[in-house]
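Encoded as structure tokens, the structure appears first; notes follow it.
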Amino acid sequence: MSKIKKYDAIVIGGGHNGLTAAAYLGRAGKKVLVLERRHVLGGAAVTEEIFPGFKFSVCSYVVSLMKSNVMRELMLPKFGLEILPLESTMTPLENDYLIRTADSDQTYREIARHSKKDAENYMRFGPAMGQIGMAVRPILETIAPNPIRPSFSDLSATKRLFDHVKSLSSKQFEYLTKLMTMSSADFLDEWFDYEPLKATLSASGIIGTFMGPYSPGSAYVMLHHYMGDIDGAFRAWGFQRGGTGGVSMAIARSAEYFGVEIMTETSVQNVIVKNGRATGVSLDNGDEYNSNIVISGLDPKLTFLKMIDKSDLPSDFVSAIKNFRIRGSSGKVNLALDALPNFTCMSGDGHHLRGAISISPSYDHLEKAYDDAKYGNFSEAPFMDIILPSVLDPDMAPPGKHVMSCFVQYAPYDINEGWNDQKREAFGDAVINTISRYAPNIKDIILHRQVLTPADLESTFGLTEGNIFHGELTLQQLFSLRPAVKWADYTTPIKNYFQCGSGTHPGGGITGSPGEMAAKKILGAW
Amino acid sequence: MNNYDIIIIGAGINGLTTASILGKKGKRVLVLESREKVGGMASSMEFAPGFKCNVINDTIKWIDPRLIKLLDLNAKGLELVQPEILRIILGENSEHIAFHKDVAKTIDSIAKYSIIDSERWKDFISYIEKLSQFLEKIYELTPPILPKIGIKEILGMRSMLSPIRKHGTRGIVDLLRVAPMMMPELVDEWFENELLRSSISTAGIHHLSFGPYAAGTGYNLLHQHVHGNGLFHNIQFAKGGTERFAIVLKDYAESFNVEIQTSTKVISINTDQNVCNGISLENGEQIMAKQIVSSLDPNNTFLNLVGPSNLTPNFRKQINNIRYRGSTARIHFALSSLPEVKGVTKEQMKTIFSISPSVEYLERASDAVKYGKLSDKPYVEFVIPSVLDSNFAPEGEHVLSATIQYAPYHLRNTEWSDSVKDQLKNNVVDTLQKVIPNIRSIIKHTSIISPLDLENEFGLTEGNLNHGEMTLDQFMFMRPTISSSQYRAPINNLYLCGSGTHPGGGLHGTNGYNAAMEVLKD
């Protein structure tokens with residue numbers, strides 16, 4: 001059976017990028033339909049009440065990279081966007097701790113407690129990274145040109161980028177080159193001595209990536225995490241009130257305000273292609289929707305290898321997409337707690353619970369965790385980035401109770417002998433055991449736990465191999481090569497079929513950027 | 001008679017190359033070498049009575065064709081021999097793949113393990129050749145001063161047009177894709193057989209402190225295949241040993257009245273108000289010259305000879321941040337008879353062997369570096385130079401020279417000592433024993449060269465054979481630093497011509513050639 005209702009655009013996937021693209025198109029007066037397979041919107045940026053009374057940002061858990069112009073143009077604060085700043089980053093150690101807070105004097109004192117030189121350098125490090133972030137921003141905001149058959153606009157974009165690069169200082173350029181290629185450990189070694197500080201900073205270089213802090217290339221991922229900009233303030237991480245899903249919901253409400261129609265529990269089977277042109281989508285239940293254009297917010301593998309029949313794509317493109325590296329390396333453990341965890345190094349409540357808690361005592365800790373995964377095992381003593389959303393937003397848990405979100409690395413998608421229930425629980429145990437080294441009461445206060453392996457992230461959220469960035473942020477998968485050369489400008493080899501997920505430039509994180517830029521590209525060509 | 005135009009510090013391949021070119025141009029050149037003979041890393045020694053070895057490099061991968069042409073090296077007595085078999089990769093249980101000069105034979109060798117891979121081989125090597133051709137052109141350029149890209153910089157790179165015309169901008173895109181790759185990514189795109197995959201990966205980790213899972217090993221692989229003419233694992237042996245290359249260069253330079261003093265140690269490069277005007281020797285003598293060229297690595301040149309106080313704080317920091325981390329050791333074994341390599345005939349021994357059963361094997365070997373240990377199961381490459389040249393060992397006896405990764409310069413909780421070297425030797429002999437079962441019973445003498453020995457004997461900082469790691473952040477306009485990548489130090493009249501400059505390490509003379517061109521410009 002088929003429906004005749006015709007749309008200007010259909011967006012596959014109600015993740016935050018798909019919703020952003022839809023909202024921008026709606027705002028331009030287009031008639032848009034968003035189709036989401038799950039019962040909730042948000043994709044990986046989603047809040048769900050997993051256990052009665054306990055709400056979780058099930059997958060993505062912090063926000064920093066959301067672009068300020070997207071927030072403004074889509075009026076997101078009006079539709080419920082409210083970011084509560086994380087107050088600190090604490091690294092618990094066996095007999096000590098390292099804490100950094102929003103108060104720079106306090107941070108200075110805390111770092112100086114371990115190394116005066118590092119404290120001095122830390123005060124210069126943030127601004128230096130901010131400057132590099134500024135230097136990179138125009139590149140991130142450029143639609144990646146096609147270097148094979150450049151059009152006039154590709155050439156003028158290239159010219160603008162050249163001019164931009166020329167305007168950089170030699171020092172900025174030097175740091176930029178280093179950040180693009182080095183390991184985060186080597187980069188940080190140039191700045192700091194104190195191991196827990198270096199390790200904790202290097203952790204942003206491995207998040208979402210199948211690399212260790214000693215792996216060349218991880219410095220770029222660290223830079224990527226420094227490009228965050230909440231209300232124009234660089235490198236400020238925050239937590240969305242009500243959970244990360246609140247970001248997606250705000251975008252969805254904005255989209256609806258602009259007339260976008262959104263359907264959940266509607267699973268797209270494939271894109272309908274006629275004579276090399278996308279004309280609509282067919283659903284799992286056999287329904288078809290027609291539209292002038294189709295936009296996919298899914299990752300490149302799903303966008304092309306699942307949604308499109310291979311015979312409709314050029315073979316070199318198919319192999320480029322097959323070669324696109326999407327390797328999941330992280331898992332998520334969500335805990336419902338009866339009380340607050342009590343850290344040995346800093347007992348009781350305080351700043352340290354209102355921010356990120358990073359289990360990253362040393363490079364070796366992180367690197368050994370990576371080694372485990374490299375050879376096909378989950379880490380017995382993993383790296384973790386932990387937050388307690390209920391401390392910032394009491395609505396997340398019943399009174400007096402708490403939720404704890406643990407981002408865990410590494411857990412390889414391709415684990416030896418494959419993932420099964422037993423392995424998932426063993427992985428969960430490894431996580432709890434590691435936390436208990438620093439907060440011994442953790443085992444006694446767990447009411448419920450949800451363990452998500454990369455395989456679970458794939459099956460639940462449609463993230464291929466459980467990769468949270470829709471494809472690794474390695475040099476050869478950035479800019480004009482993301483996801484494949486010639487098709488990094490949100491177009492695809494299929495006419496009227498576009499892509500807007502994190503697998504496109506400028507990559508993953510809750511940024512809204514791929515969605516926004518794809519919409520602008522589409523509207524420019526309309 | 002202290003009036004030289006140019007003093008060159010160090011008589012390795014690059015120092016001698018620069019000296020030859022400048023001498024030929026009629027400059028009055030003095031070369032000062034601290035060791036008792038020329039050659040630097042292209043040296044031989046008698047390590048046990050009657051047993052000779054190439055101390056560091058057994059083979060010469062490629063020599064800058066401009067140098068071969070300019071100096072007519074072949075006519076001057078440098079005889080390079082390309083063996084029939086370029087390399088044999090040894091797996092477990094006497095499995096091996098041989099890479100021949102004749103591609104058809106390589107394909108046959110691969111086909112024993114995988115038909116699909118053998119069918120893809122030709123495409124793969126032409127892909128690698130294509131990308132290397134871009135590097136060949138880049139290597140001949142003096143890197144531009146970035147980020148200030150002007151017309152001058154762009155015109156300076158116009159030689160890049162020829163590979164672009166040949167391969168399109170697609171070629172550049174492929175280069176930009178492959179250079180930052182890690183080995184598993186590259187081999188995943190091409191091959192299924194693990195022995196072949198690891199064999200390719202060995203080219204990516206050559207003399208690096210990283211393993212095949214490190215991003216940027218793609219670039220190192222391409223570096224090994226510049227001027228490879230479409231041959232994978234391309235190598236050449238110099239007849240009479242690698243030092244012949246240095247001797248030929250020395251003779252050539254001397255024919256143009258270049259003075260070469262060995263056993264002469266420079267202890268400082270003298271500067272006055274940021275102008276370099278001469279050097280001082282260990283014996284207190286000072287020699288003046290208009291221009292000074294250092295072929296030493298940046299650490300030795302700037303921190304040891306110029307001195308930190310004569311550098312700007314920013315430049316000093318850049319020099320301090322150059323990463324060396326030598327992780328390669330050498331062991332020479334004097335053997336009482338020809339070793340029997342499993343599954344390999346004597347005729348096939350005129351080649352270089354790699355013991356690399358899998359990519360994971362190589363990666364596990366490299367893990368040791370991160371934790372400051374020796375690899376328990378190291379990656380071992382070996383050559384039996386005595387089958388190529390009977391002068392290397394007494395009649396009936398043989399030499400086996402092994403290159404070992406990973407033996408990090410920086411050890412944790414210990415330092416390089418005789419007992420660490422013994423441990424290294426044991427690990428290597430255990431590894432060799434798997435492919436040469438009788439190895440233990442035929443070893444007569446052993447000479448172990450640790451990264452620390454390389455530093456002490458050859459002045460290689462941290463024992464790094466490339467004068468700085470061959471990684472993308474130390475490549476081209478970043479080599480050795482962003483402010484000194486044009487072969488010029490930020491001190492007037494001081495130049496650099498060693499492997500620490502673009503395009504990096506190897507016995508190719510490109511650095512020396514490019515540097516000479518810059519010296520002549522001024």
Side-chain angles (χ1 to χ4, degrees), chain A residues 135 146-150 162-183 185-187 189-190 210-220 319-320 322-323 325 327 363-364 367-368 370-371 374-376 472 474-481 485-486, chain B residues 145-150 153-154 168-182 184-186 188-190 208-211 213-219 314 317-318 320-323 325 360 363-364 366-367 369-372 412 469 471-478 481-483:
Chain A
N146 172 355
I148 305 294
R149 283 230 180 93
F162 256 123
D163 291 343
H164 169 67
V165 170
K166 270 161 78 172
S167 76
L168 301 180
S169 70
S170 171
K171 193 159 211 152
Q172 273 177 317
F173 191 75
E174 180 192 355
Y175 283 147
L176 188 55
T177 310
K178 289 186 167 202
L179 283 164
M180 298 293 276
T181 52
M182 280 170 91
S183 74
D186 285 339
F187 185 81
D189 280 348
E190 295 186 359
F210 209 121
M211 289 195 271
Y214 290 130
S215 306
S218 52
Y220 177 77
S319 49
K322 281 189 178 156
N323 287 335
R325 302 280 279 194
R327 298 193 305 160
Y363 283 151
D364 273 14
E367 189 68 26
K368 284 188 172 144
Y370 166 59
D371 284 348
K374 201 162 69 169
Y375 303 122
E472 287 182 273
T474 49
L475 215 45
Q476 69 272 23
Q477 300 201 150
L478 295 178
F479 202 50
S480 292
L481 295 173
V485 68
K486 286 206 281 186
Chain B
I145 300 171
L146 294 177
K148 308 288 170 247
I149 324 161
E153 280 71 22
I154 289 170
T169 45
R170 162 77 69 172
I172 295 189
V173 170
D174 285 344
L175 176 65
L176 291 175
R177 246 189 105 234
V178 171
M181 273 189 181
M182 56 170 99
E185 291 176 333
L186 179 68
D188 274 359
E189 294 188 2
W190 290 91
L208 224 55
S209 72
F210 293 111
Y213 287 32
T217 41
Y219 154 62
N314 188 37
K317 195 170 144 215
Q318 288 174 338
N320 273 321
N321 283 338
I322 295 172
R323 278 171 296 104
R325 295 193 290 216
E360 187 176 318
E363 180 66 16
R364 284 188 187 271
S366 77
D367 282 343
V369 178
K370 301 187 294 193
Y371 308 113
R412 270 197 213 169
E469 275 193 313
T471 48
L472 286 174
D473 59 298
Q474 302 193 147
F475 170 63
M476 206 181 167
F477 58 87
M478 292 292 283
T481 71
I482 195 166
S483 53

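Naming convention: chains lettered A, B, ... in sequence-line order (proteins, then strands); numbering from 1 in each chain. Computed from heavy atoms alone, side chains included, the values below leave out hydrogens, waters and symmetry copies.
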In terms of heavy-atom proximity below 4.5 Å to chain A, should [X] be classed as side chain, backbone, both, or neither?
| X | answer |
| --- | --- |
| B:D367 | side chain |
| B:N320 | neither |
| B:Q474 | neither |
| B:I482 | side chain |
| B:F475 | neither |
| B:R170 | both |

> Does A:S169 offer a backbone N or O that forms a donor-acceptor pair with the side chain of A:Q172 under 3.5 Å?
Replying inline: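 Checked: pair present.
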
> Does the A:Y363 side chain pair with the main chain of A:A185, one donor and one acceptor, at a distance under 3.5 Å?
Replying inline: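 Between the backbone of A:A185 and the side chain of A:Y363 there is a qualifying donor-acceptor contact (under 3.5 Å).
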
> B:M181 and B:E189: which non-hydrogen atoms are nearest, and at how many Å?
Replying inline: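 Smallest heavy-atom distance, with atoms named: CE-OE2, 3.4 Å.
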
Segment of [X] engaging chain B (4.5 angstrom heavy-atom cut-off):
| X | value |
| --- | --- |
| A:S480 | neither |
| A:K486 | side chain |
| A:L481 | side chain |
| A:S170 | both |

>> Between A:T181 and B:T471, does the side chain to side chain contact (heavy atoms under 4.5 Å, CB included) criterion hold? Intermediate values first, please.
In response: CA-CA 8 Å; A:T181 52; B:T471 48; over 6 Å; no

>> Is the shortest side-chain heavy-atom distance between B:F210 and B:R325 below 4.5 Å?
In response: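 Yes; the side chains approach each other to less than 4.5 Å.
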
>> Could you tell me if the side chain of B:L146 sits less than 4.5 Å from the side chain of B:M476, heavy atoms only?
In response: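 In short, these two side chains do not touch, never coming nearer than 4.5 Å.
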
>> Before you tell me yes or no, could you show the steps for A:D364 and A:Y214 under side chain to side chain contact (heavy atoms under 4.5 Å, CB included), namely the whole-Å CA-CA distance, both residues' side-chain angles and the distance that decides it to 0.1 Å?
In response: CA-CA 9 Å; A:D364 273 14; A:Y214 290 130; 3.7 Å; yes

Which of [options] touches chain B most, by non-hydrogen pairs under 4.5 Å:
| options | answer |
| --- | --- |
| A:K171, A:M211, A:K322, A:M182 | A:M182 |
| A:V165, A:V485, A:N323, A:L475 | A:N323 |
| A:D371, A:T474, A:L168 | A:D371 |
| A:T177, A:D186, A:D163 | A:D186 |

>> Using a 6.0 Å distance limit plus a 45 degree cone around the ring axis, check whether A:K368 lies over the aromatic ring of B:Y371.
In response: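 Positive - A:K368 is close enough to the ring of B:Y371 and near enough to its axis.
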
> What orientation do A:F210 and A:Y370 show, parallel under 30°, tilted 30 to 60°, or perpendicular over 60°?
Replying inline: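 Taking A:Y370 first and then A:F210, their aromatic rings stand perpendicular (interplane angle over 60°).
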
>> Parallel, tilted or perpendicular, judged at 30° and 60°: which one describes the rings of A:Y375 and B:Y213?
In response: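 The rings of A:Y375 and B:Y213 sit tilted, inter-plane angle from 30° to 60°.
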
>> Can you tell me which of B:R364, B:M478, B:R323 forms the most heavy-atom pairs within a distance under 4.5 Å of chain A?
In response: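 Result: the option with the highest number of such pairs is B:R364.
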
>> I'd like to verify something: which residue of B:E185, B:K148, B:R177 has the highest number of heavy-atom pairs under 4.5 Å with chain A?
In response: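 That would be B:E185.
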
